Amino acid sequence: MLGVVGQLAHFDVEFTTDEIVLGSDTDPFTGRHRHCAGDGASHSGEPHDVGIHAARSKTQDDRHVRYEAIVDAEHGGAGLAARHRSVTAVWLVETHVAKSTRGDRRRVRGGRDSVASMDTPHDEAPRFRFAPSPTGFFHVGGARTALFNWALARRRGGRFVLRIEDTDAERNRDEWIDGIIDALAWLGISADDPTFEGPYMQSDNRQAHIDAATRLYESGHAYYCDLTPDQIAERAAADGGAGYGGWSRDAGLGPGPDRVLRFRVPDGTTVVSDGVRGEVEFDNGVIEDFVLVRSDGSPVFNLANVVDDHLMGITDVVRAEEHLSNTPKQQMLVTALGWAVPRWGHVPVLVNEQRKKLSKRRDRVALEQYRDEGYLADAMVNYLMTLGWSAGDDVEIRPWAEIEQLFDLGGVNLSPAFFDVRKLGAFNGEYIRALDTVAFIDAVDPWLPTQWDRMRFSRIAEHIQPRLTTLSEAAGVVDFLFSDEPVRDAPSWDKVMSADYAAGLLDAVIEAYATIDPAGFDAATTKAELERVMEPFSLKLGKAQAPVRVAVTGRTVGPPLFESLEVLGSEETLRRLRAARTDLVS
RNA sequence: GCCCCCAUCGUCUAGUGGCCUAGGACACCACCCUUUCAAGGUGGCGGCACGGGUUCGAAUCCCGUUGGGGGUGCCA
């Protein structure tokens, strides 16, 4: 049996020592001189004409030699197998993708372009989907999942289908739809892009869900059950605390009031083939006969999900890991319904500092909140993509166009990732600094008080740009340029103005600045004048500027002082200096 | 309880049996630059959870333990 996974495949070849000579120089695949069995060091080399890029011996004993090879898709696994047969009589070729171990997954990673593509029946353009349930805000974890799907859909020339899972409808539909569409658009997932499709509403498919349920009942895959949750709990307790336990399985009940429809879970095992985690095996015996239709006639998530995906022609389901345990149920439903099983891909969840799944109750998870605080969409997107995924190199900050080309499920990590706002902030600062000044001014604008003079702000903009982590901090940094009076920070004042030189220096500065022609009151001049008058004080510029800074801005920290003075102007600067000098006396 | 997944610096990650004395980024510390604070530059601190195997050789493969996460609904 041979399975080729994508363009590149790794697989083991086992053969007996009867067929090759141990220690020989002959490559068993090509007949050329190549590796010695057991010669693990010589695993690099030129591609071979049958498409073997590399082969290396893995283990050996006196009966078997195991080879691992990377094969070119052009020549195909089948061709290779044929070649084997022509060379020797008995070959045992097998893929590694047998169990859900990390190692197995790793071996399929070479197949970056089309994970498991030759094993699946979907030849047409892949259709991905993003299926959020409307909660009133957009979860950052959902954002990442959406981005993953978007990247995949774009690169593989497929579609990104948006479906809103609104089964428990309470709020206003249009409101959710707009919120979700807006959030996606902010991330760069535009409903106007040809890759985008939807939104569809799960609730619109209700009849199809019911029809599927009926089909399942009629075909014997589902049965009615009249037990209430309380009764189940009672029986389970009496029985030793199992679960539902299939009580009504063979009761032969028909439809009726207060009856739920349950899926008859078949015996055996269900193997979920996952593009991120390899193959995951579930023993059906541990899966209860789950409910498909509630006693009020409404379809349940697992059913609705499967039906919707089928209706929408979804070929690839990429979602958070919390759904992995549901997947065998969904796969059984798909199979019972006679539909094609999609390719699954379960990406790890995002967690908080306590390593718990990000929750809206405890954690700051609303994408909108980050947007409102002045995180740039590009920074957020870039950061989100580094959580649980890397391109395999040392680069973290890279444009979306590149990410889109590089992203693949095989590169996704298996463990939960901590959503670290500090690192997000570092990314954001990076992106803010990368903006040209005009773009920066444009970007901060929404965070500036409307009455502020934009011209005035633009004169100081380049100086605050490298100092920001978020755009919302901008106003607080330069507020002294727009207010009548600086807001005096008491600790700053006390610390700086208590210096014995403060009063004398202020006097000297006031005198010097008063003689500067207001038209020539620029950064260079004010700096030069301060440097001149501070000489008798034997101070460094850093010390000498402190009283001036506090007098004019109210604080010890802020944008470069002389540039600030220039923007503030001669008159206002002098007024503030004099006011401070006066207050210093009392 | 049962099922599933996972395990490299504090955090996000690189790592696909020898290129590993384990690399990068964030954070932290120091120094340089400097007009405060940033930014920038240089350097530093810091990790393969543990125990067994397999192998000439293990962060890497196997088993176990421990730890973490997710699921186990007439939620999605």
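The sequence lines fix the lettering, A, B, ..., with proteins before strands; numbering per chain opens at 1. Because the structure is predicted, anything quoted here is derived from the model rather than measured.
If you run ring pair (Phe, Tyr, Trp, His ring centres under 6.0 Å) between A:Y383 and each of A:Y375, A:Y431, A:F419, only A:F419 comes through. When A:H323, A:R319, A:E321 are each tested for a side chain to side chain donor-acceptor pair (under 3.5 Å) with A:H346, only one passes: A:R319.
Across the protein-nucleic acid pair, A:R467 atom CZ and B:G40 atom C1' stand 12 Å apart, rounded to whole Å. Between A:F130 atom CZ and B:A76 atom C1' there is a gap of 13 Å when expressed in whole angstrom units. A:L227 has its CG atom 14 Å from the P atom of B:G73, to the nearest Å. One can place CE of A:M380 at 16 Å from C1' of B:C26, the figure rounded to the nearest angstrom. With rounding to whole Å, A:E321 atom CD is found 9 Å from B:G70 atom P. Between A:K329 atom NZ and B:G70 atom C1' the separation is 13 Å, expressed in whole Å. A straight line from CG of A:N284 to C1' of B:C2 spans 15 Å, rounded to a whole angstrom. The distance between atom CZ of A:F419 and atom P of B:U13, rounded to the nearest whole Å, is 13 Å.
Using a 4.0 Å cut-off, some side-chain N or O of A:R294 falls inside it from OP1 or OP2 of B:C75. For A:R433 and B:A38, the shortest distance from a side-chain N or O to OP1 or OP2 is not below 4.0 Å. When the side-chain nitrogen and oxygen atoms of A:N326 are compared with OP1 and OP2 of B:C75, none of them lie within a distance under 4.0 Å. Between B:A14 and A:S390, a contact under 4.0 Å exists linking OP1 or OP2 to a side-chain N or O. In this structure, A:K357 reaches the B:G71 phosphate: one of its side-chain N or O atoms is under 4.0 Å from OP1 or OP2.
Across all strands shown, A:Q465 has no heavy atoms under 4.0 Å from either base or sugar-phosphate atoms. A:A417 comes within contact range of the sugar-phosphate backbone alone, with a heavy-atom separation under 4.0 Å but no base atom that close. Counting non-hydrogen atoms under 4.0 angstrom, A:L561 reaches a base of the nucleic acid. In this structure, A:V260 reaches the bases: a heavy-atom distance under 4.0 Å links it to at least one base atom across the strands shown. Contact annotation for A:T228: base contact, defined as any heavy-atom pair under 4.0 Å involving a base atom. Nucleic acid contact class of A:F418 (heavy atoms, under 4.0 Å, all strands): sugar-phosphate only. Looking at heavy-atom distances under 4.0 Å, A:G388 makes contact with sugar-phosphate atoms alone, never a base. Using a 4.0 Å heavy-atom distance criterion, A:T556 is classed as a base contact.
Across all strands shown, the partner of B:G1 is B:U72, judged by Watson-Crick or G-U wobble contacts whose two distances both fall under 3.5 Å. With a 3.5 Å ceiling on both atom-pair distances, the Watson-Crick or G-U wobble partner of B:A25 is B:U11. Across the strands present, B:U55 finds no partner; the criterion is a Watson-Crick or G-U wobble pair with both atom distances under 3.5 angstrom.
The gap from the P atom of B:U54 to that of B:G15 amounts to 29 Å, rounded to the nearest Å. Between B:C62 and B:G23, the distance separating the two C1' atoms is 27 Å to the nearest Å. Comparing B:C9 with B:C45, their C1' atoms sit 10 Å apart, to the nearest whole Å. Comparing the P positions of B:U8 and B:C2 gives a spacing of 26 Å, expressed to the nearest Å. Rounded to whole Å, the separation between the P atoms of B:U36 and B:C31 comes to 15 Å. Separation of the P atoms belonging to B:A22 and B:G10 is 15 Å when rounded to the nearest angstrom. On the C1' atoms, B:G47 is 15 Å away from B:C26, given to the nearest whole Å. Taking the C1' atom of each, B:G57 and B:G53 are spaced 15 Å apart, rounded to whole Å.
Of the listed nucleotides (B:C6, B:G71, B:G23), B:G71 has the atom at the smallest distance from the side chain of A:E322. Listed nucleotides B:G69, B:U36, B:C5 differ in distance to A:V557; the shortest reach to its side chain belongs to B:U36. The side chain of A:P229 lies closest to B:C74 when the candidates are B:C6, B:A39, B:C74. Residue A:V286 has its side chain nearest to B:C3 when only B:C5, B:A76, B:C3 are considered. Closest to the side chain of A:S133, out of B:A76, B:U35, B:A7, is B:A76. Residue A:F301 has its side chain nearest to B:A76 when only B:A76, B:U35, B:G69 are considered. For A:P560, the listed nucleotide lying nearest its side chain is B:U36; candidates were B:U11, B:A76, B:U36. Nearest to the side-chain atoms of A:E430 among the listed nucleotides B:U36, B:G40, B:U35 stands B:G40.
Comment: A:D489 does not engage A:K495 in a salt bridge, judged by the lack of any side-chain N to carboxylate O separation of less than 4.0 angstrom. Under a 4.0 Å N-O distance rule, the pair A:R163/A:D309 qualifies as a salt bridge.
For CD of A:E402, the number of neighbouring non-hydrogen atoms (other residues, nucleotides, ligands) closer than 6.0 Å is greater than 12. Heavy atoms of other residues, nucleotides or ligands lying less than 6.0 angstrom from CG of A:D267 number 12 at most.
For A:E396 and B:G24, a side-chain-to-base donor-acceptor distance below 3.5 Å is present, hydrogens and geometry of angles not being considered. Contact of A:R355 with B:U11 (side chain to base): no donor-acceptor pair of N or O atoms is detected under 3.5 Å. The base of B:C12 lies outside donor-acceptor range of the side chain of A:T386, with no N or O pair under 3.5 Å. For A:K423 against B:A27, a side-chain-to-base donor-acceptor contact under 3.5 Å is absent.
Comparing A:Y383 and A:P559 against RNA chain B, the residue whose closest nucleotide sits nearer the 5' end is A:Y383. Taking for each of A:S325 and A:F282 the nucleotide of RNA chain B with the nearest heavy atom, the 5'-most of the two is the partner of A:F282.
Side-chain contact, A:D226 with A:Q231: no donor N or O sits under 3.5 Å from an acceptor N or O. If you check the side chains of A:Q202 and A:D166, you find no donor sitting under 3.5 Å from an acceptor. Side-chain contact, A:S298 with A:R294: a donor N or O sits under 3.5 Å from an acceptor N or O.
Pairing each heavy atom of A:R549 with each of A:R555, the nearest pair is CG-O, 3.2 Å.
For the pair A:H323 and B:A76, the ring geometry qualifies as stacking, because the centroid separation is below 5.5 Å while the planes lie within an angle under 30°.
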